Amino acid sequence: IANTNMVRHRPKAPLANYAKIHVDATVRTHRGGTMVAICRDNNGIFLGSSALVIAGIWDPTTLEAIACREAIALAEDLHIQQMVVASDCKQVIEDISERSQGPYGAIVAEINSRVIPYSCNFIFENRLVNVEAHILARFALSLAKGRHVWLGQPHDQVCIPPLVDFD
């Protein structure tokens, strides 16, 4: 008998002609962190991904805000004009929406100024659907400082399970 309480968690598909960029950040204690962005089209087809490895910042919320900024940089690299950026940090999504001037207000201001020419929505999605970005963020801890971009799937290097279909 199948367990009817089992819920399959899958990312929500963006609107037609929109890309979806999942972001995540991981902290390296007292050293810094990594922020990643993974972009797929509305059919779930991989378009590209990037990782930013930095030193000196280890506040998880600030790193997640930087990950949202990295999503915009990846969209620019991929020439994407319409996108949804999904984060599993509800606070950062609220701060971007409210144009908060809190501890990472400069990052929020930069994000809001950089998205002006785009059709871009920032949404919260539960960590259970952000597995791919989380795994890439953990892998990126092993990379040298700086920005890394993959235009082909990094799954061979990272052992990331392929994303299942969007809901």
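Note that the coordinates shown come from a computational prediction; the quantities given were computed from them, not determined experimentally.
Scanning both residues, P14 and K20, for their nearest heavy atoms gives CG-CB, 3.8 Å. The two residues S50 and L74 have their closest heavy-atom pair at OG-CB, 3.8 Å. Taking both residues in full, the closest heavy atoms of S87 and C89 are given as OG-N, 3.0 Å, listed atom of the first, atom of the second, then distance. A pairwise comparison of heavy atoms in H22 and V129 identifies NE2-O, 4.0 Å as the closest pair. Closest of all the heavy-atom pairs between A71 and A37 is CA-CB, 3.9 Å. In terms of heavy atoms, D95 sits closest to V108 at O-CG1, 3.5 Å.
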Would you please test N17 and Q81 for side chain to side chain contact (heavy atoms under 4.5 Å, CB included) and show each step? CA-CA 9 Å; N17 299 317; Q81 299 294 311; over 6 Å; no
Residue pair L151, L78: steps toward the side chain to side chain contact (heavy atoms under 4.5 Å, CB included) verdict: CA-CA 9 Å; L151 299 178; L78 298 172; 3.7 Å; yes
Please assess Y18 against N42 for the test side chain to side chain contact (heavy atoms under 4.5 Å, CB included), listing each intermediate value before the final yes or no. CA-CA 6 Å; Y18 273 70; N42 63 303; 5.6 Å; no
Test log, rule side chain to side chain contact (heavy atoms under 4.5 Å, CB included), inputs E70 and I21: CA-CA 10 Å; E70 181 59 27; I21 305 174; over 6 Å; no
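With L63 as reference, I54 is the one residue of L52, I107, V92, I54 to meet the side-chain contact (heavy atoms from CB on, under 4.5 Å) rule.
Of the possible donor and acceptor atoms, none in the side chain of T26 sits under 3.5 Å from a partner among the backbone N and O of T34. Side chain of N126 to main chain of L128: a donor-acceptor pair is present (N/O by atom type, distance under 3.5 Å, no hydrogens or angles).
Contact of the V27 side chain with the W58 side chain is registered, since non-hydrogen atoms from C-beta on lie closer than 4.5 Å. Residues C68 and I96 form a side-chain contact, since some pair of their non-hydrogen atoms from C-beta on lies under 4.5 Å apart. Counting only heavy atoms from C-beta outward, the side chains of D77 and R147 approach each other to under 4.5 Å. The shortest distance between side-chain heavy atoms of S49 and V36 does not fall below 4.5 Å. Within the 4.5 Å cutoff, no side-chain heavy atoms of V85 are placed close to those of I93. Side-chain contact between F46 and I38 is present, with heavy atoms from C-beta onward closer than 4.5 Å. Within the 4.5 Å cutoff, side-chain heavy atoms of V23 are placed close to those of E64.
The structure places CD1 of I72 at 7.5 Å from OH of Y118, a figure rounded to the nearest 0.5 Å. The distance from the CG atom of D88 to the CG atom of N130 is 4.5 Å, given to the nearest 0.5 Å. For the atom pair CE of M35 and CD1 of I66, the computed distance is 5.0 Å after rounding to the nearest 0.5 Å.
Criterion: ILVMFWY side-chain heavy atoms under 4.5 Å apart, direct or through other members. Under it, I111 and V84 are not part of a common hydrophobic cluster. No continuous path of ILVMFWY side-chain contacts below 4.5 Å connects V131 to L141, so the two sit in separate hydrophobic clusters. Tracing side-chain contacts under 4.5 Å through hydrophobic residues (I, L, V, M, F, W, Y), one never reaches L15 starting from F124; they form parts of separate clusters. Tracing side-chain contacts under 4.5 Å through hydrophobic residues (I, L, V, M, F, W, Y), one never reaches M83 starting from I123; they form parts of separate clusters.
With respect to the salt-bridge test (charged N to carboxylate O, under 4.0 angstrom), the residues R114 and E110 qualify.
For the residue pair Q91 / T61, no side-chain donor-acceptor distance below 3.5 Å is found, with atom types taken as modelled. A donor-acceptor contact closer than 3.5 angstrom is absent between the side chains of S100 and E94. D24 and H134 share a donor-acceptor pair across their side chains, judged by distance under 3.5 Å alone.
More than 12 heavy atoms of other shown residues, nucleotides or ligands fall within 6.0 angstrom of atom CZ in R28.
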